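Nothing here was measured: the structure is a model prediction, and the numbers come from that model. Note that the numbering runs from 1 along the sequence shown for the chain.
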Amino acid sequence: MTRTLLGTTAVLLATAGAAMADYPEKPIRLIVGFSAGGGTDTSARGFGSFTAEAPSMNGMPMVIVNQPGGSGLQAAQTVADADPDGYTLYIINNGTMAATTLSTEGVEFDPREDLTNLGCVTQLVTGLQVPADHPAETAADWVQAVKDSGETVRWSTSGAATMHALVGHLFLDTNEIEHQVVPFRGGSNARNALAAGDVTASFNGNQLVEGFEDQIKVLGVPAAERDPANADIPTFAEQGLEGLNVTGPMCVYGPAGLPDEVVADVSAAVEAVTEIEGFGRFMGRSGLAAMHLNPEDGAENLDRLFEVFTPVVESVAAAQN
């Protein structure tokens, strides 16, 4: 009888040991496709800082690895080619993912097939940004003023193939405004160009305006609802303009073919982190708001952004040829 109990106990301990050894057993690499300091890197470091607190992560942290290049596509390819074991993940906003994939020639990579969405933790929101001393108080005022002047708007953005760039093209073309894009390498450079008066407007991430409020004001955003991180900025639709809905949920991805256990554990961690008060404060200090989309909604959002951006990219390409 004693031997039977000992045997049973040994089996239970072995089973418990196996469960404790379940994913994750070691730190996870979270790859960022851009340099340190931008919105994606900030989101990654905020998310990674709180991942170990999620019950499904066994106390394991995420290690942030910056791999800039190709507007995030090189890092995306690295993750798509990684072993689908859950130890190499990727974070990017869906808007940039769709924009760069569509705008880059020769790309055989398709994030809708080659990556697995694991949920989204915050979002980047583009704003129509103008000099703080511009007389327009709303985006609608600005559109009317530009049309009355007949001027061609020179505007800056964070790169020729970014979400912010495509939003700028979409907004200006929709409102029939003559314009000339001046793309920069990174949002900070695009912001600085506007602050210096080198351009007359910018379509850029609103989190970058923080600290520059004396030089730059944001007149509107292309969202269905106001951004919680910048709730004083009205949407274009609220101002009687065509209601664009193009924000960029910041999502966590893994390679295609991840085991169901990994998908479940990381997705649970994504949701758990967005509910941690400290994570919300961290993102708030960076001008971003914590939010949550589950994997299904995140994947659906990416599909929709591909549909929205495809005609914009085709129009821009036709204008350049």
Side-chain angles (χ1 to χ4, degrees), residues 21-34 39-98 100-101 107-124 248-275 279 290-306:
D22 285 349
Y23 173 87
E25 299 177 277
K26 61 183 180 180
I28 299 164
R29 290 197 309 156
L30 182 63
I31 298 182
V32 177
F34 302 91
T40 306
D41 180 73
T42 299
S43 300
R45 294 180 188 282
F47 175 63
S49 296
F50 291 93
T51 302
E53 298 183 24
S56 62
M57 286 291 101
N58 297 336
M60 290 294 170
M62 286 193 176
V63 179
I64 309 304
V65 178
N66 295 91
Q67 186 186 338
S71 297
L73 285 180
Q74 292 181 16
Q77 188 68 64
T78 295
V79 177
D81 293 340
D83 291 337
D85 56 10
Y87 291 102
T88 303
L89 304 180
Y90 181 52
I91 185 167
I92 192 171
N93 87 77
N94 277 352
T96 295
M97 179 97 86
T100 55
T101 303
V107 174
E108 298 179 355
F109 166 83
D110 187 339
R112 296 168 293 181
E113 298 179 358
D114 298 325
L115 296 177
T116 300
N117 190 298
L118 299 167
C120 313
V121 297
T122 183
Q123 65 178 354
L124 292 186
M250 191 70 71
C251 303
V252 179
Y253 285 91
L258 285 175
D260 291 343
E261 178 194 4
V262 173
V263 173
D265 286 348
V266 178
S267 299
V270 167
E271 183 173 7
V273 168
T274 61
E275 295 173 351
F279 175 72
M291 55 86 78
H292 177 246
L293 288 181
N294 64 37
E296 292 75 20
D297 289 341
E300 182 178 325
N301 172 272
L302 183 62
D303 288 341
R304 190 182 66 79
L305 288 173
F306 265 82

Margin query: Rounded to the nearest 0.5 Å, what separates atom CG in N301 from atom CD in E296?
Written below: 13.0 Å

Next item on the list: I would like to know whether T88 and I31 meet side chain to side chain contact (heavy atoms under 4.5 Å, CB included); could you show each step before the answer?
Entry: CA-CA 7 Å; T88 303; I31 298 182; 3.8 Å; yes

Checklist line | Donor-acceptor contact present, side-chain D85 to main-chain Y87, <3.5 Å | finding: yes

Notebook entry, point to check: Would a distance-only check, ignoring hydrogens and angles, find a side-chain to backbone donor-acceptor pair under 3.5 Å from Y90 to G33?
Noted result: no

Next item on the list: Grab the two heavy atoms, one from V32 and one from A44, that are nearest each other, plus how far apart they are.
Entry: CG2-CB, 3.4 Å

Next item on the list: Indicate yes or no: at least one non-hydrogen side-chain atom of T101 is less than 4.5 angstrom from one of D110.
Entry: no

Notebook entry, point to check: Which atom names give the shortest non-hydrogen contact between P259 and P84, and what distance separates them?
Noted result: CD-O, 3.1 Å

Note to self: Tell me if a side-chain donor or acceptor on N94 pairs with a main-chain N or O of G298 at a distance below 3.5 Å.
What the structure shows: yes

Note to self: Are there over 12 heavy-atom neighbours, none belonging to E300, within less than 6.0 Å of that residue's CD?
What the structure shows: no

Notebook entry, point to check: Hey, are N58 and D22 close enough side-chain-wise for a donor-acceptor pair under 3.5 Å?
Noted result: no

Item checked: Test log, rule side chain to side chain contact (heavy atoms under 4.5 Å, CB included), inputs V79 and L89 -> CA-CA 6 Å; V79 177; L89 304 180; 5.7 Å; no

Check: Got a donor-acceptor contact below 3.5 angstrom from the S267 side chain to the A264 backbone?
Finding: no

Notebook entry, point to check: Is a side-chain donor or acceptor of Y23 paired with a backbone partner of D265 at a separation under 3.5 angstrom?
Noted result: no

Check: So, does N93 use its side chain to make a donor-acceptor pair with the main chain of P249 at under 3.5 Å?
Finding: no

Notebook entry, point to check: What distance separates L293 CG from E271 CD, expressed to the nearest 0.5 Å?
Noted result: 11.0 Å

Check: Rounded to the nearest 0.5 Å, what separation is found between the CG atom of L258 and the CG atom of N117?
Finding: 11.0 Å

Note to self: Is there a side-chain contact between I28 and M60 in this structure, where contact means two heavy atoms from C-beta onward sitting under 4.5 Å apart?
What the structure shows: no

Item checked: Gap between atom CD1 of I91 and atom SG of C120 - 0.5 Å precision -> 9.0 Å

Check: Given the rule in the side chain to side chain contact (heavy atoms under 4.5 Å, CB included) test, do V273 and E53 qualify, once you have shown the distances and angles that lead to the verdict?
Finding: CA-CA 8 Å; V273 168; E53 298 183 24; over 6 Å; no

Next item on the list: To the nearest 0.5 angstrom, please state how far the CG atom of L30 sits from the CZ atom of R45.
Entry: 9.5 Å

Check: Between A98 and L305, what is the shortest heavy-atom contact and its length?
Finding: CB-CB, 4.1 Å

Next item on the list: Can you see which heavy atom on S43 is nearest to which on T122, and at what distance?
Entry: OG-CG2, 3.3 Å

Notebook entry, point to check: Which heavy-atom pair separates P111 from F306 by the least distance, and what is that distance?
Noted result: CG-CZ, 4.0 Å

Check: Are any non-hydrogen side-chain atoms of M57 and V266 less than 4.5 angstrom apart?
Finding: yes

Note to self: So, taking the atom named SG in C251 and the one named CG in D297, what distance separates them when rounded to the nearest 0.5 Å?
What the structure shows: 10.0 Å

Check: Can you name the nearest heavy-atom pair linking T100 to S71, along with the distance?
Finding: CG2-CB, 3.2 Å

Next item on the list: Using only heavy-atom distances, determine whether the side chains of Y253 and D114 contain a donor-acceptor pair under 3.5 Å.
Entry: no

